[in-house]
Amino acid sequence: MTYPLPHSLKYSFVALILCSSGCTHYANDPWTGKDKAEHFVGSAVLAAAGTAYGDNQEWSEARSRSFGLLFSVSLGAAKEFYDSRDGGSGWSWKDFTWDIAGAAVGYSTYQLIRH
């Protein structure tokens with residue numbers, strides 16, 4: 001069964017892409033490494049925690065899911081915006097990709113454990 005993405009999630013992704021196009025510089029980093037594992041695990045934990053928070057607030061499954069995923073991905077995006085400042089390591093699409101993958105796995109793992 002597939003669920004359509006909520007409008008807030010769609011608009012958040014569009015805004016993120018538009019805003020990140022003006023970063024001062026980009027990182028030239030590999031796809032693997034210690035920091036990629038940290039991005040993945042951190043995002044997974046944040047997505048699961050955000051979804052659990054929504055469940056504890058007795059929100060609908062869709063609202064809890066949206067909150068958990070957006071919470072995790074927005075913190076990952078904030079980290080990349082911080083890195084893209086002058087003197088930072090630069091915006092890394094690779095880090096952000098690992099953030100999104102971690103958020104998806106964290107949410108999925110939470111749902112598997114919960115049900």
Side-chain angles (χ1 to χ4, degrees):
M1 174 181 266
T2 61
Y3 297 98
L5 287 174
H7 291 294
S8 60
L9 188 61
K10 292 175 188 176
Y11 297 137
S12 297
F13 284 130
V14 170
L16 175 68
I17 290 169
L18 290 175
C19 290
S20 64
S21 63
C23 295
T24 59
H25 64 288
Y26 297 95
N28 186 15
D29 55 341
W31 276 102
T32 59
K34 181 179 182 269
D35 74 314
K36 303 306 186 260
E38 292 169 351
H39 279 272
F40 182 84
V41 171
S43 292
V45 168
L46 290 169
T51 305
Y53 174 79
D55 283 347
N56 288 333
Q57 296 298 315
E58 297 182 7
W59 294 345
S60 68
E61 184 177 340
R63 186 173 179 194
S64 295
R65 176 184 62 239
S66 295
F67 180 79
L69 292 172
L70 283 174
F71 177 67
S72 178
V73 171
S74 66
L75 288 176
K79 166 73 169 73
E80 292 310 313
F81 278 124
Y82 179 77
D83 287 346
S84 72
R85 76 194 189 294
D86 286 334
S89 61
W91 175 277
S92 173
W93 284 107
K94 295 170 186 170
D95 286 352
F96 193 61
T97 300
W98 281 104
D99 288 334
I100 293 171
V105 168
Y107 167 76
S108 299
T109 303
Y110 175 78
Q111 289 300 327
L112 286 172
I113 292 170
R114 185 172 162 255
H115 293 290

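For clarity, every value in this text was computed on a predicted model and none was experimentally measured. Side-chain atoms are counted along with the backbone in the values below, which use heavy atoms only and exclude waters and symmetry mates.
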ask   = Hey, is the main chain of F81 close enough, under 3.5 Å, to the side chain of S84 for a donor-acceptor pair?
value =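 Here the side-chain-to-backbone pair exists.
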request  = Look at the side chain of S64 and the backbone N and O of D55, then say whether any donor-acceptor pair between them is shorter than 3.5 Å.
outcome  =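 Looks like yes, one N/O pair under 3.5 Å.
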Between [atom1] on residue [X] and [atom2] on residue [Y], distance to nearest 0.5 Å:
{"X": "R65", "Y": "W59", "atom1": "CZ", "atom2": "CH2", "value": "13.5 Å"}
{"X": "K79", "Y": "E38", "atom1": "NZ", "atom2": "CD", "value": "9.0 Å"}
{"X": "H39", "Y": "F96", "atom1": "NE2", "atom2": "CZ", "value": "11.0 Å"}
{"X": "I100", "Y": "L69", "atom1": "CD1", "atom2": "CG", "value": "10.0 Å"}

Exercise: identify the closest heavy-atom pair between [X] and [Y]:
{"X": "F67", "Y": "Y53", "result": "CE2-CD2, 3.8 Å"}
{"X": "W91", "Y": "A77", "result": "CZ3-O, 3.8 Å"}
{"X": "K94", "Y": "D29", "result": "NZ-O, 2.6 Å"}
{"X": "S43", "Y": "S72", "result": "O-OG, 2.8 Å"}
{"X": "S92", "Y": "K36", "result": "OG-NZ, 4.4 Å"}
{"X": "D95", "Y": "E80", "result": "CB-OE2, 3.2 Å"}

message = Hydrophobic cluster membership, with links at side-chain heavy-atom distances under 4.5 Å among I/L/V/M/F/W/Y: are V73 and V105 in one?
response =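 No: no chain of side-chain contacts under 4.5 Å links V73 to V105.
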inquiry  = I want to check a possible cation-pi pair here: R85 against Y82, using under 6.0 Å from ring centre and within 45° of the ring axis as the test.
reply    = yes
task = Could you go through the side-chain contact (heavy atoms from CB on, under 4.5 Å) check for Q57 and R63 one step at a time?
result = CA-CA 10 Å; Q57 296 298 315; R63 186 173 179 194; over 6 Å; no
inquiry  = Just so I know, are the side chains of W31 and T97 near enough to count as touching, which here means a heavy-atom distance under 4.5 Å?
reply    =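 Touching, per the 4.5 Å side-chain cut-off.
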key: CD (E58) with more than 12 external heavy atoms under 6.0 Å   = no
